Every structure is written in structure tokens, then in C-alpha cells.
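Below you'll find the structure, written out as C-alpha cells, and then a few comments.
All figures in this text were calculated on a predicted structure; none of them were measured in a lab.
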Amino acid sequence: MRIPTRHGVGASRVSLPVGPWPTVLDFLVARMPDISRDEWLQRFNDQLVLNEEAQPVAATQAYTPHTKLYYYRHIANEPVLPEKASIVFEDAHLIVADKPHFMPVTPAGRYVQQSLLVQLKHLTGNDALVPLHRIDRETAGLVMFGKRLQDRDAYHALFRDKEMHKVYEAVAAFNPALELPRTHISRLQPDPLFFKTQEVVGEPNSETRISLLKVEESRALYQLEPISGKRHQLRVHMMALGLPLEGDQFYPTVLRGPDAQEDFNNPLQLLAKSVAFTDPVTGEAREFHSALRLKIHA
């Protein structure tokens, strides 16, 4: 049975293993200790915990292993982001949205209703929307969403088969001694700090084309074209060249963790500026551009 969305938010699923918990409430409190027992009780009272038949579950229900529960994320006093997303393009198959800085693509951390996906569901009334790719919460710019289940594999293949031409813009220091344009190739892997990525010695698995667009005294606007799609790839590649991006809170030094309060006056200067591809559903040539701008713009 399909579990319905609620206020634009899809249900999260948790499987119940063999264990000592007398009730489903005891299990959830033990499994997710960051959520208090009182908050879980409120979710049960608000009928935000369901069984596999999409029926509300009581907090006192006996724990039954090898079953599943579904629950809806809810953030009390969710902070409001300073900017809203906009829709750049929409047809029967596809939505292209312009995402501001600080907004997660899907519900994460302290943001649920403020996430791009939930906002678009409210705007369009389409609960079937799914992101076709992701960009970092700190990064602004274009994100594509599929509207129909039967089209998703075709659009995902564009990214998997590197048939999607993506162009980013970034602001960093200017180094006149650095020869540009250039292609930076390296091996990336997760950093010991779970929210970071690092370059290591080994067979390359990431590639970025870098060119110079504009110079303003000691700063410059760069065009970045990722050939691969590793997490934080553009940020790490620019740091490796001695050009960490302005406003980057993780590279080269962690200035604030992923759960710290944002500095809305100092966004990461990275923008997903354009995408170009042949639409696998309609066969049309597509090219879309973000209307957002960085502190230096072309």
C-alpha cells in the first residue's frame, strides 16, 4: 500500500528488528534518541506514525519484529529561510527550479517545509515529484525534478551517462600565476569528518574543467564544468588549486559545522548556473539558466 504524503512531506520508513522493546514507542525512542519521548508521544497523538496498511499506530502498541513503521518528520518552530525558490521551467514531465543558498533539496536537519522539494509540492500540488539530482544545501542554482514515475529512469540516465552539460559559477581569489583554462583530475573519498570530502593519492575518479570569466582586483569569477559528480567536488578541486571558494564554511577550515546557525549574509559563492541536454522524453534540445547571481557576476 502506498503511504500518503502529508503537507508535502513523504513518510520515512523504519524496519523493526528482533529486540527487547515492549512497545513501538520504546523502540523509536531507543532507535532515534535525538527525538524526545514526549515528541514521539505527540507524533502518535497526531497520527503521524503509521503501520504498513497506512493506519495510525498507538504508542502503546506491542512491538512486533519483522514489520515496518512509517512516520512523518516534523520540526517544531522550523526556521524560515530568507529567500524562496522559483520555477524556471515546467512541462508535463519536468520541473526546473532555481534554488537559493541555504535551502536543502529534500527535507534534512532543521528544514522540512522549507526544503525545495516540499515547497515545490505545495506550489504544484504534485506529490509525485522527485529530484533527479542534488546540489549542496549551501549551493544556489538549478535543480531538476521529475513529475512522472515512468520518466525518471530516462532522466537519471542523462546524469549517469554524462549526457547532462552542467555549468557552475564560483567566486574565489585570483592567482595570476595559475594557468587557465585547465582540467583538474583527482581521486576523492569521504573525509574522516563525515560531512567533508578529501583528495587522496590513487586512481582519479573526479574531473572538473575550470576557466576564468572575470577579474575584480584580488578576486575572480570562475566557470566550473564538472564531468563527474562527487560530493563537494567543485569546492575540493578549487581548494586543491589554492582557491577555496568565498563563503565556504568547510574548506579549507571548518568554521562552523553542518548543524550550526547559518550566516545568511555570507553564502557560499557557488551557483549551478546552467544545464543543457537532449530531453529523453520529448527529444527536444533543452538549455536552462539560473536567474540568481553571485557577488561577482559576468
Side-chain angles (χ1 to χ4, degrees), residues 8-10 85-109 111-112 114-121 123-124 126-170 188-190 195-197 205-209 223-238 245 250 258 267-268 270-282 284-292 294:
V9 180
S86 62
I87 294 177
V88 174
F89 171 84
E90 181 176 3
D91 68 4
H93 316 283
L94 185 68
I95 286 180
V96 183
D98 222 355
K99 182 186 85 67
H101 295 286
F102 304 108
M103 182 180 292
V105 173
T106 57
Y111 299 114
V112 175
Q114 293 289 299
S115 68
L116 179 59
L117 175 60
V118 174
Q119 285 192 42
L120 290 178
K121 286 182 176 181
L123 279 171
T124 65
N126 184 348
D127 280 340
L129 285 180
V130 64
L132 300 173
H133 63 118
R134 307 290 176 96
I135 61 175
D136 297 338
R137 183 175 65 85
E138 300 88 354
T139 303
L142 300 182
V143 184
M144 294 170 48
F145 290 79
K147 297 179 70 174
R148 306 192 312 170
L149 177 61
Q150 62 266 38
D151 300 329
R152 292 175 191 171
D153 287 346
Y155 285 114
H156 283 144
L158 293 174
F159 295 91
R160 183 180 65 246
D161 300 336
K162 300 180 180 179
E163 294 177 356
M164 176 72 64
H165 183 218
K166 296 173 289 181
V167 176
Y168 287 71
E169 291 181 355
L188 299 181
Q189 70 177 30
F195 55 88
K196 293 185 63 179
T197 296
N205 61 1
S206 63
E207 179 179 355
T208 304
R209 296 174 185 153
Q223 178 173 289
L224 311 178
E225 299 172 80
I227 308 306
S228 52
K230 300 297 182 181
R231 187 179 72 155
H232 294 179
Q233 174 179 316
L234 302 180
R235 298 161 72 174
V236 174
H237 280 183
M238 289 295 283
L245 303 188
F250 295 170
L268 174 69
L270 182 61
L271 172 65
K273 186 63 179 178
S274 68
V275 292
F277 58 97
T278 299
D279 194 304
V281 177
T282 67
E284 296 179 67
R286 303 284 199 191
E287 185 169 351
F288 304 107
H289 296 263
S290 171
L292 302 175
L294 301 177

> If every non-hydrogen atom of Arg137 is compared with every non-hydrogen atom of Pro258, which pair is closest and at what distance?
Replying inline: NH2-O, 3.7 Å

>> Any side-chain to backbone donor/acceptor pair from Ser228 onto Glu207? Under 3.5 Å, distance only.
In response: yes

>> To the nearest 0.5 Å, what is the distance between CG on Asp127 and CG on Leu120?
In response: 12.0 Å

>> Between Tyr155 and Val281, is the side-chain contact (heavy atoms from CB on, under 4.5 Å) condition met? List the steps.
In response: CA-CA 8 Å; Tyr155 285 114; Val281 177; 3.7 Å; yes

> For the side chain of Lys99 and the backbone of Thr139, is there at least one donor-acceptor N/O pair under 3.5 Å apart?
Replying inline: yes

>> Once you measure the plane-to-plane angle for Phe277 and Phe288, does it fall in the parallel (<30°), tilted (30-60°) or perpendicular (>60°) bin?
In response: tilted

> Under 3.5 Å, side chain of Arg231 to main-chain N/O of Lys196, donor-acceptor pair present?
Replying inline: yes

> Going through the checks in order, is the side-chain contact (heavy atoms from CB on, under 4.5 Å) test met by Leu224 and Leu270?
Replying inline: CA-CA 9 Å; Leu224 311 178; Leu270 182 61; 4.1 Å; yes

> Looking at Ala85 and Gln119, what are the two nearest heavy atoms and their distance?
Replying inline: N-OE1, 3.7 Å

> Rounded to the nearest 0.5 Å, how far does CZ of Arg235 lie from OG1 of Thr208?
Replying inline: 13.5 Å

> Is the backbone N or O of Val167 less than 3.5 Å from a side-chain atom of Glu225, with the two atoms forming a donor-acceptor pair by type?
Replying inline: no

>> Rounded at 0.5 Å granularity, tell me how far NZ in Lys147 sits from CG in Leu129.
In response: 7.5 Å

>> Looking at Lys230, I'd like to know if its NZ atom is crowded, meaning that more than 12 non-hydrogen atoms belonging to other residues, nucleotides or ligands lie closer than 6.0 Å.
In response: no

>> Ignoring hydrogens, what is the shortest heavy-atom contact between Gly141 and Ser290? Give both atom names and the distance.
In response: CA-OG, 4.1 Å

>> Could you measure the distance from the CG atom of Asp279 to the CG atom of Leu158? Nearest 0.5 Å is fine.
In response: 7.5 Å

> From Tyr168 OH over to Gln233 CD, what is the distance, rounded to the nearest 0.5 angstrom?
Replying inline: 9.0 Å

>> Side chains of Leu116 and Thr106, heavy atoms from C-beta outward: is any pair under 4.5 Å?
In response: no

>> Would Leu132 and Leu94 count as a side-chain contact (heavy atoms from CB on, under 4.5 Å) here? Give the steps.
In response: CA-CA 10 Å; Leu132 300 173; Leu94 185 68; 3.7 Å; yes

> Looking at Val130, Ile87, Thr124, Ile95, which hits side chain to side chain contact (heavy atoms under 4.5 Å, CB included) with Phe145?
Replying inline: Ile95

> Do His133 and Met164 pass the side-chain contact (heavy atoms from CB on, under 4.5 Å) test, and can you show the C-alpha distance, the side-chain angles, and the key distance before you say yes or no?
Replying inline: CA-CA 11 Å; His133 63 118; Met164 176 72 64; over 6 Å; no

> Any idea which heavy atoms bring Pro104 and Tyr111 closest together, and the distance?
Replying inline: CG-CB, 3.8 Å

> Side chains of His93 and Thr282: donor-acceptor distance under 3.5 Å anywhere?
Replying inline: no

> Could you give the distance from NZ (Lys166) to CD1 (Ile227), rounded to the nearest 0.5 Å?
Replying inline: 9.0 Å

>> Quick one, Arg286 and Asp91 - any side-chain contact, counting heavy atoms below 4.5 Å?
In response: yes

> Closest approach of Val105 and Pro131, non-hydrogen atoms and distance?
Replying inline: CG1-CB, 3.9 Å

>> Show the nearest heavy-atom pair for residues Leu294 and Glu169, with the distance to one decimal.
In response: CD1-O, 3.3 Å

